[in-house]
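Model, not experiment: these values are computed from the prediction. Reminder, nothing fancy here: chain letters follow the sequence lines and each chain counts from 1. Basis for what follows: all heavy atoms, side chains included, without hydrogens, waters or symmetry-related copies.
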Number of protein chains: 2
Amino acid sequence: MARSGADLALLLLSGFRSLVDAAMAELADRGYDDFRPTHEFALRAIIAGADSASDLGRRTAVSKQAAAKTIAVLVQRGYVSSEPDPADARRKRLEVTPLGLDVLREGEAVFEELRARWERRLGVAELARLEADLATLVGDDVVRVDAPGWAAHHPTEEAP
Amino acid sequence: MARSGADLALLLLSGFRSLVDAAMAELADRGYDDFRPTHEFALRAIIAGADSASDLGRRTAVSKQAAAKTIAVLVQRGYVSSEPDPADARRKRLEVTPLGLDVLREGEAVFEELRARWERRLGVAELARLEADLATLVGDDVVRVDAPGWAAHHPTEEAP
DNA sequence: TAACAGTAGACAACCTCGTTGTCCTTGTCC
DNA sequence: GGACAAGGACAACGAGGTTGTCTACTGTTA
């Protein structure tokens with residue numbers, strides 16, 4: 001097949017995009033409008049223990065200001081609550097609300113469904129193999145999202 | 001291994017990013033500073049026949065204004081020339097300059113080298129298999145980049 | 001205990017890449 | 001000719017980041 005290196009990159013990108021676009025669309029259908037991957041990962045990070053803006057920034061490899069902006073959105077939509085920390089007046093403690101847990105659960109289900117779809121097309125063993133290979137190549141630091149802008153996607157059409 | 005669907009997405013993203021980041025860094029080392037994937041793909045599209053801004057926009061699934069901006073950069077750096085079309089006064093004909101061809105060639109080499117590195121780590125057959133699987137999943141419309149913002153990446157550190 | 005360095009958060013300005021919306025010029029087709 | 005489409009330029013704006021600066025609080029240290 002002799003694909004080129006650039007094609008390989010494109011392949012990876014396309015895979016990611018098709019997964020994420022589908023997930024976002026499905027979530028929108030379920031009523032969680034305009035929910036971005038960034039939000040999902042922020043929620044995850046908060047659950048995992050990032051209970052302040054600065055902390056979230058560190059964990060998601062982003063400036064604390066950027067994290068604060070994300071948090072502002074999540075709070076405004078009711079996915080996260082932010083109350084002053086009684087023990088440290090500088091901080092505001094972040095907590096994921098029940099609604100936040102809902103959207104996270106739904107998101108998980110959506111991704112699972114998408115993965116299952118791929119599994120049907122490729123076979124269980126083959127998909128597992130693909131994942132294992134990718135993990136080998138990428139190393140195990142997949143957790144770091146580390147890519148400002150990676151979630152930007154504003155599907156629109158020009159001049160209908 | 002039982003990875004989740006979201007992890008799969010992350011895996012794909014990480015793969016893409018690690019490839020592209022490395023490629024950009026290497027190109028910068030070779031003297032093509034601040035060359036973005038967008039530029040690479042714009043050049044490719046122009047070579048492939050997109051000889052006007054609107055045309056480029058259509059081919060790269062981006063508004064003609066965005067395409068025009070990209071072109072402005074490419075022209076300013078000497079990678080693309082833009083002359084009025086004698087046959088149609090509305091158009092400006094785009095052409096990739098020798099310098100543009102250079103950078104494209106270099107880019108190709110860099111990606112090839114990166115792919116070879118992965119090949120060494122995974123084995124020739126296994127990488128081919130991975131590519132084939134991805135191609136199956138993604139379909140054959142990989143050509144469409146179709147992701148505004150997908151190339152945004154501004155590596156920076158907060159407060160050293 | 002008083003000074004001081006570091007952390008949290010807020011605000012403002014700015015960048016990049018993309019988007020609309022609008023306008024003008026030029027071709028094309030009936 | 002006249003309606004309409006297409007190409008391009010300009011301006012305004014939005015999303016998601018960044019830096020820089022400022023204030024309030026904490027914990028440590030002399």
Side-chain angles (χ1 to χ4, degrees), chain A residues 17 20 24 33-42 50-77 80 82-94 145-160, chain B residues 17 20 24 34-42 50-76 80 82-94 145-160:
Chain A
R17 290 228 64 90
V20 164
M24 276 170 44
D33 219 21
D34 204 31
F35 193 77
R36 305 297 186 77
T38 325
H39 303 151
E40 168 122 7
F41 286 98
D51 65 340
S52 76
S54 299
D55 210 11
L56 179 59
R58 278 189 293 268
R59 298 215 192 195
T60 56
V62 121
S63 68
K64 64 180 178 181
Q65 292 88 337
K69 286 189 192 180
T70 305
I71 290 171
V73 174
L74 291 175
V75 168
Q76 185 237 321
R77 298 192 186 173
V80 164
S82 151
E83 305 164 28
D85 184 338
D88 185 338
R90 291 172 302 182
R91 304 187 136 229
K92 288 191 169 179
R93 298 203 50 184
L94 301 177
V145 176
D146 193 278
W150 63 278
H153 185 43
H154 250 277
T156 22
E157 288 303 294
E158 141 139 310
Chain B
R17 290 227 64 88
V20 164
M24 275 169 44
D34 203 33
F35 193 77
R36 306 297 186 79
T38 327
H39 303 152
E40 169 122 7
F41 287 99
D51 66 339
S52 76
S54 299
D55 209 10
L56 178 59
R58 278 189 293 270
R59 298 215 193 193
T60 56
V62 120
S63 68
K64 64 180 179 183
Q65 293 87 336
K69 287 189 191 179
T70 304
I71 290 170
V73 174
L74 292 174
V75 167
Q76 185 237 320
V80 163
S82 151
E83 305 163 28
D85 184 337
D88 183 340
R90 291 172 303 179
R91 302 188 138 229
K92 288 192 168 178
R93 298 203 51 187
L94 302 177
V145 176
D146 193 279
W150 63 279
H153 185 43
H154 250 275
T156 22
E157 288 302 293
E158 142 140 313

Summary of protein contacts for nucleotides 2-12 of chain D, nucleotide by nucleotide, where a base hit scores B, a sugar-phosphate-only hit scores S (4.0 Å, heavy atoms):
---BBBBBB--
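- Distance, A:L74 CG to D:dA15 C1': 15 Å, rounded to whole Å.
- Residues satisfying the side chain to side chain contact (heavy atoms under 4.5 Å, CB included) test with A:A66, not counting sequence neighbours, are A:V62, A:S63.
- One atom, CD of A:Q76, and another, P of D:dA15, lie 11 Å apart when rounded to the nearest Å.
- Distance, A:D85 CG to D:dA24 P: 19 Å, rounded to whole Å.
- Note: CD (A:E83) to P (C:dG9) measures 14 Å, nearest angstrom.
- Listed by first then second residue, pairs satisfying salt bridge (Lys or Arg N to Asp or Glu O under 4.0 Å) with a partner in residues 66-77 of chain A read A:D34-A:R77, not counting sequence neighbours.
- In this structure, the salt bridge (Lys or Arg N to Asp or Glu O under 4.0 Å) partners of A:D88, at least two apart in sequence or on a different chain, are A:R90.
- The distance between atom CG of B:L56 and atom C1' of C:dC17, rounded to the nearest whole Å, is 14 Å.
- Taking B:D51 as the reference, B:R91 meet the side-chain hydrogen bond (donor to acceptor under 3.5 Å, both in side chains) condition, with sequence neighbours excluded.
- Summarising the geometry, atom CG belonging to B:L74 is positioned 6.5 Å from atom OG1 belonging to B:T70; distances are rounded to the nearest 0.5 Å.
- Residue A:A66 is the one, among A:A66 and A:A87, whose nearest nucleotide of DNA chain D lies closer to the 5' end (criterion: closest heavy atom).
- Here NZ of B:K92 is found 12.0 Å from OG of B:S52. Values are rounded to the nearest 0.5 Å.
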